[in-house]
Every structure is written in structure tokens, then in C-alpha cells.
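Below: one structure, written as C-alpha cells.
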Amino acid sequence: MAQHQTEQRTGEGTEEDAGPVFVDDTQDAAERERAHRERGTVRPITVVGNPVLHRECREVTEFGAELAALVDDMFASQRAAEGVGLAANQIGVDLKVFVYDCPDDDGVRHVGVVCNPVLEELPADRRRLAEENEGCLSVPTAYCELARPDYAVVRGQDLQGNPIRVQGTGYFARCLQHETDHLHGRLYIDRLSKRDRRKALKMMEENTPRYETVPND
């Protein structure tokens, strides 16, 4: 996901739902992100129209050195493109894994990796929609308002295959939903009206991305 274009709102705190303990993705966030990206290699970003972005990715079934190296490259690529979240198919890899380095609306930095993510269904009293600008590294330079729940919970696995659960509020909640969508072949512009989608694609066509992208043949 691309960085927010507008000033972030301060969100309310949330209480943990019943279930597995949420991961602490705030501890040593800067050090963990730096270690990943310094081991990684920057790769170009795929853009809308590339087939890998428009189909559901494969489940991660092997948790070893190859996956760890991919994640390092994803962190390096995310930083180079100045993003806050990146799915594997955004660097052309057909696997259900995303990384994030994203602040919440209180300015707390969250850094982590989720393999095989599944968004939990929210109870009605927790489903409050926030309509804010959203952007995507795979739709470079384009932003459009999109309503999403301001709280999200994602279940998945870590780099070792252990079950994890991640929660987010505000901007970070948007990031978790955005990246999970990617791995199911859905871009944020697919959730827009036809008019807004055309507007976003026009913005992309009229501007030049600040990072290397993969041209669509």
C-alpha cells in the first residue's frame, strides 16, 4: 500500500477479542525492518494489468530459507518505493505473503509478515466504516477515497509457519485489508465505482512513478 496522502486521524483504542493472543508487532520495529531490508534486494513493482495481480495467489506451504529471502526482498522493495505494505504478487511472486511497516492513527509503528492471511469477520458493533484516501504501489501516483472498516483482524502464519493473529486500527487496519485483498487478486481500485476507477487509472497514466516498475507487455 502507498503512503497516506492526507493527515492521519487519531483512532480509538480497541480491546482484544477472544481467541489467540495478538502478535506484538511494535517491539523493536525499526531494528527488525532494517535487518530484513539490509539482507534484501530491491525488485521492481508490478502494476495494474499484470496478470499476477489479478488472480488469487498460492498458499505458502514451505517455511524455510527461500521464503525468508523473499520476505527480505519485499522489505527492501517496500522501503525503496516508500510504501507501508507490500504483497508478494506486487514483485511478481505468486504466493500468499505480505509485509508491512505501517503506523496506526496514534503514530505507533507496526512491522511484520503475514503468510496465508484471512480477514476475520467483524461483529456488527465493531464494523465502523471510515472513508479516506487510499493508494497502491501497483497503481502508482493514483489516490481515491474508499470506505473500509476502521478496525481489522487478520489470521495467518509467521515465517516459521506458526499461527498468528494481527489487529489494526485506522490507517493500519486499512493496510491489513488492502494487502490481504492483493493476495486474493483484488486491487483497491476494484472496489471503486466505475467512475472513480477510471479517474484513478487516468491519474496513473498522467504521472510518473518514483520507483522502478515492471512494464506490462
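Along the sequence shown, residues are numbered consecutively beginning with 1.
- Listed for the D106 side chain is no donor-acceptor partner under 3.5 Å among the backbone atoms of V108.
- In this structure, the side chain of R197 does not engage the main chain of R191 through any donor-acceptor pair within 3.5 Å.
- Ion pairing of R148 with E131 is absent here, as no side-chain N (NZ or NE/NH1/NH2) approaches a carboxylate O to less than 4.0 Å.
- In this structure, the side chain of T213 does not engage the main chain of I45 through any donor-acceptor pair within 3.5 Å.
- The residues D72 and R39 are annotated as salt-bridged, a charged nitrogen and a carboxylate oxygen being separated by less than 4.0 angstrom.
- Two residues are said to be in side-chain contact when any heavy atoms from C-beta on lie closer than 4.5 Å; V166 and V153 fail this criterion.
- A distance-only check finds no donor-acceptor pair linking the side chain of D105 to the backbone of G170 [under 3.5 Å].
- When each of L119, T169, L122 is paired with P149, the side-chain contact (heavy atoms from CB on, under 4.5 Å) condition holds for L122 and for no other.
- A salt bridge links R79 with E33: the closest approach of a Lys/Arg side-chain nitrogen to an acidic carboxylate oxygen falls below 4.0 angstrom.
- A tilted orientation is assigned to the rings of F172 and Y100, their planes being inclined by 30° to 60°.
- The environment of CZ in R195 is sparse: at most 12 heavy-atom neighbours from other residues, nucleotides or ligands sit within 6.0 Å.
- V47 is not connected to M1 by any chain of hydrophobic side-chain contacts under 4.5 Å among Ile, Leu, Val, Met, Phe, Trp and Tyr, and they are in different clusters.
- With hydrogens and angles disregarded, no donor-acceptor distance shorter than 3.5 Å links the side chain of N89 to the backbone of D94.
- Smallest separation of non-hydrogen atoms from R109 and V111: NE-CG2, 3.9 Å.
- T46 and Q90 are not linked by any side-chain donor-acceptor pair at a separation below 3.5 angstrom, with hydrogens and angles left out of the test.
- Although no hydrogens or angles enter the test, the distance criterion places a donor-acceptor pair under 3.5 Å between the side chain of D158 and the main chain of N162.
- Cation-pi check for R37 over F75 is not met; the charged atom does not lie both under 6.0 angstrom from the ring centroid and within 45 degrees of its normal.
- D104 places a side-chain N or O within 3.5 Å of a backbone atom of G107 that can act as its donor or acceptor partner.
- Nearest heavy atom pair, residue L159 against residue F63, reads O-CB, 3.3 Å.
- Proximity of a side-chain donor or acceptor of E134 to a complementary backbone N or O of E145 within less than 3.5 Å is not detected.
- A donor-acceptor contact shorter than 3.5 Å is absent between the side chain of D25 and the backbone of G112.
- In E31, the CD atom is crowded: over 12 heavy atoms of neighbouring residues, nucleotides or ligands sit closer than 6.0 Å.
- Closest approach of K96 and V60 over heavy atoms only: O-CG2, 3.3 Å.
- In this structure, the side chain of R43 does not engage the main chain of A76 through any donor-acceptor pair within 3.5 Å.
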